[in-house]
Amino acid sequence: MASEQLPLERAVRLGTHEQSNPSFRPACSTEFSARAKVPLGPGGRKSGNVIKAVRGTRDLLPPDTALWNFVESAVRDVFRTYNFHEIRTPIFEETALFARGVGEETDIVAKEMYTWEDRSRAASEKGQSLTLRPENTAGVVRAYIEHKLWDRGLNKLYYIGPQFRRERPQKGRYRQFYQIGAEVIGPASAGSESPARDAEILEMLATLLDRLGITDWNLQLNSVGCPGDRARFNEALGQALEPVKDQMCVDCQRRAVTNPLRVFDCKVPEDQPMIDRLPRISQFLDEGCRAHFEAVQAILVKVGVPFSLNDRLVRGLDYYTRTAFEFTHGALGAQNAILGGGRYDGLSEALGGPPAPGIGFAIGEDRLVMSLEEKASAESVLRKPDVYVAPMTGMNAEAARLARELRRQDLIVELGDDTFRLKKSFEAATKVGAKYILIVGENEVKAEAFALKNLASGEQVAVARAELATRIRG
Ligand code: HAM
């Protein structure tokens, strides 16, 4: 096996050598190929050395994509009824956006970002550090500032798209994953700070999950306070960590000094008893934050959205203020957070914008689809072809014309091939799950009437061309 990879490995080694040794003369790939006597395919790889999807990424294939589309169209429907509108921001941004927005000390920024130096292509262009977005809130707030969206009052925005984090892949955790998120942001005068906004977001999420048939969710709710509360909490945490920090993992030893709040992100089992004894943020909320949190809870009770209070929930991103939440789902195992979110009242200022309180969430779409798979198979939401059009010898053109007529009437049509014998057409029609097969022969075209067979019941009838769509639709 190792010797099979030799040409590519050698090419890579020589590539490194080339950089360190200026007298090295590069050899072309055919030279390697001839020397190693292994044929190289396009790109200089040994043919047969199959390229696979990168670790932590995956292909979404039919029929599974039907479930993804089902989820996306259901969420778009729900977002519409709450008057949310779509925003699409770029997949990569300046690295500084995430460093300043999400926080230098978070796992996301410190360990998980795909960052590269983007070289300039012309003297007029500057090289810059860019990053594949690990989340979309910072991008939305950047867009809010860049396009002065405060002129529109309260912005209710949603997005659906890929995010990238270099995490250890496991079930429900990927390096390219998908989020469905929403953000409510605007000047305080437009009501963006109101607890009514927090409650509306949470009630919308409950509606969305229920509508998708995911009923056994659990909403965990906390308030992480405002910057003043956080400073007092961080100080208390720092003091409480002082006597124990040396017994903790290296990450926690660093966090204890730089940003004690992030100690709550620790997953090391041995550290958990010490973390359990640390002070809770609920003890440090000022009057305004306490009242805000109580108002959110009162609305949730009134509209009938159940929740549990969890004062250890601080979330893994630094921008949160006041309300923070997660929805968990039992079927997901270790990665049980189906979505998370919260308020970020100071994020716009941190990114150089005007005050713009905001609240939002992101659903892990991969995890949402996983919990859905417990209940609905992709097959059950997939719309199968209504009809398989089977041309007899020499009838491809007539069949194409007929298929076009039927598709224009919104039927799903699978078009066969006139080299297929009738038996093979029947097999193909059954394989794609078509409801009917329609035979297109010379006589049928002349008579303007076609043999239409129901593949489940075996019933066959001759149907006039003009009646076909109505008959197939049933
Ligand atoms: P987050 O908690 O980092 O929040 O991510 C939200 C959700 O994305 C998680 O609950 C999880 O379902 C999913 N997720 C995160 N990482 C992965 C991964 N590696 N593989 C699969 N799914 C993953 C945010 O991203 C915030 N921007 C949410 C927000 C919006 N807060 C306010 N507005």
Keeping [X] on the side-chain end and [Y] on the backbone end, is there a donor-acceptor pair under 3.5 Å?
{"X": "Ser348", "Y": "Pro354", "value": "yes"}
{"X": "Glu135", "Y": "Ala138", "value": "yes"}
{"X": "Asp418", "Y": "Gly394", "value": "yes"}
{"X": "Glu444", "Y": "Gly441", "value": "yes"}
{"X": "Arg322", "Y": "Arg343", "value": "no"}
{"X": "Ser120", "Y": "Lys126", "value": "no"}
{"X": "Arg407", "Y": "Val413", "value": "yes"}
{"X": "Asn454", "Y": "Tyr436", "value": "no"}
{"X": "Ser194", "Y": "Gly191", "value": "no"}
{"X": "Arg367", "Y": "Ala337", "value": "yes"}

Side chains of [X] and [Y]: donor-acceptor distance under 3.5 Å anywhere?
{"X": "Thr137", "Y": "Glu183", "answer": "yes"}
{"X": "Ser129", "Y": "Asp118", "answer": "no"}
{"X": "Thr323", "Y": "Asp198", "answer": "yes"}
{"X": "Glu203", "Y": "Tyr82", "answer": "yes"}
{"X": "Asn136", "Y": "Thr89", "answer": "yes"}
{"X": "Arg76", "Y": "Tyr158", "answer": "yes"}
{"X": "Tyr114", "Y": "Glu112", "answer": "no"}

In Å, rounded to the nearest 0.5 Å, how long is the span from [atom1] of [X] to [atom2] of [Y]?
{"X": "Ile439", "Y": "Ser425", "atom1": "CD1", "atom2": "OG", "value": "6.5 Å"}
{"X": "Lys446", "Y": "Glu398", "atom1": "NZ", "atom2": "CD", "value": "10.5 Å"}
{"X": "Leu455", "Y": "Lys435", "atom1": "CG", "atom2": "NZ", "value": "11.0 Å"}
{"X": "Leu422", "Y": "Ile437", "atom1": "CG", "atom2": "CD1", "value": "6.5 Å"}
{"X": "Leu468", "Y": "Arg471", "atom1": "CG", "atom2": "CZ", "value": "10.0 Å"}
{"X": "Asp366", "Y": "Gln176", "atom1": "CG", "atom2": "CD", "value": "9.0 Å"}

> Parallel under 30°, tilted from 30 to 60°, perpendicular over 60°: which one fits the rings of Trp217 and Phe327?
Replying inline: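 Tilted, since the angle between the ring planes falls between 30° and 60°.
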> Parallel, tilted or perpendicular for Tyr344 and Tyr319, by the 30°/60° rule?
Replying inline: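 It falls in the perpendicular class, over 60°.
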Residues [X] and [Y] bridged, charged N to O under 4.0 Å:
{"X": "Arg408", "Y": "Glu405", "answer": "no"}
{"X": "Asp77", "Y": "Arg80", "answer": "yes"}
{"X": "Arg88", "Y": "Glu86", "answer": "yes"}
{"X": "Glu427", "Y": "Arg421", "answer": "no"}
{"X": "Arg315", "Y": "Asp265", "answer": "no"}
{"X": "Arg142", "Y": "Glu93", "answer": "yes"}
{"X": "Asp251", "Y": "Arg262", "answer": "no"}

> Does the pair Asp216 and His329 meet the rule for a side chain to side chain donor-acceptor pair (under 3.5 Å), with working shown?
Replying inline: CA-CA 6 Å; Asp216 35 358; His329 187 258; 2.9 Å; yes
Within 6.0 angstrom of [X] [atom1], more than 12 heavy atoms from elsewhere:
{"X": "Arg383", "atom1": "CZ", "result": "yes"}
{"X": "Lys424", "atom1": "NZ", "result": "no"}
{"X": "Arg58", "atom1": "CZ", "result": "yes"}

>> Is there a side chain to side chain donor-acceptor pair (under 3.5 Å) between Ser308 and Asn218? Walk through the geometry before answering.
In response: CA-CA 8 Å; Ser308 346; Asn218 182 3; 3.0 Å; yes
>> Under the criterion side chain to side chain contact (heavy atoms under 4.5 Å, CB included), I'd like the reasoning laid out for Thr95 against Val109: C-alpha separation, chi angles, the key distance, then a yes or no.
In response: CA-CA 9 Å; Thr95 305; Val109 173; over 6 Å; no
>> Quick one, Glu193 with Asp345, criterion side chain to side chain contact (heavy atoms under 4.5 Å, CB included). Give me CA distance, side-chain angles, the key distance, then yes/no.
In response: CA-CA 8 Å; Glu193 218 170 354; Asp345 291 348; 4.2 Å; yes
> Listed by chain and number, what are the side-chain contact (heavy atoms from CB on, under 4.5 Å) partners of Gln297, not counting sequence neighbours?
Replying inline: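 Result, side-chain contact (heavy atoms from CB on, under 4.5 Å) vs Gln297: Leu221, Phe293, Phe307, Leu309.
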> Given Asn310 and Phe325, is the side chain to side chain contact (heavy atoms under 4.5 Å, CB included) satisfied, shown in steps?
Replying inline: CA-CA 9 Å; Asn310 175 0; Phe325 58 86; over 6 Å; no
>> Working note: Phe450 + Val440, criterion side chain to side chain contact (heavy atoms under 4.5 Å, CB included); need CA distance, chi angles, decisive distance, verdict.
In response: CA-CA 7 Å; Phe450 298 83; Val440 183; 4.1 Å; yes
> Do the side chains of Arg165 and Ile108 get nearer than 4.5 Å, heavy atoms only?
Replying inline: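 When only atoms from C-beta onward are counted, Arg165 and Ile108 do touch, with a gap below 4.5 Å.
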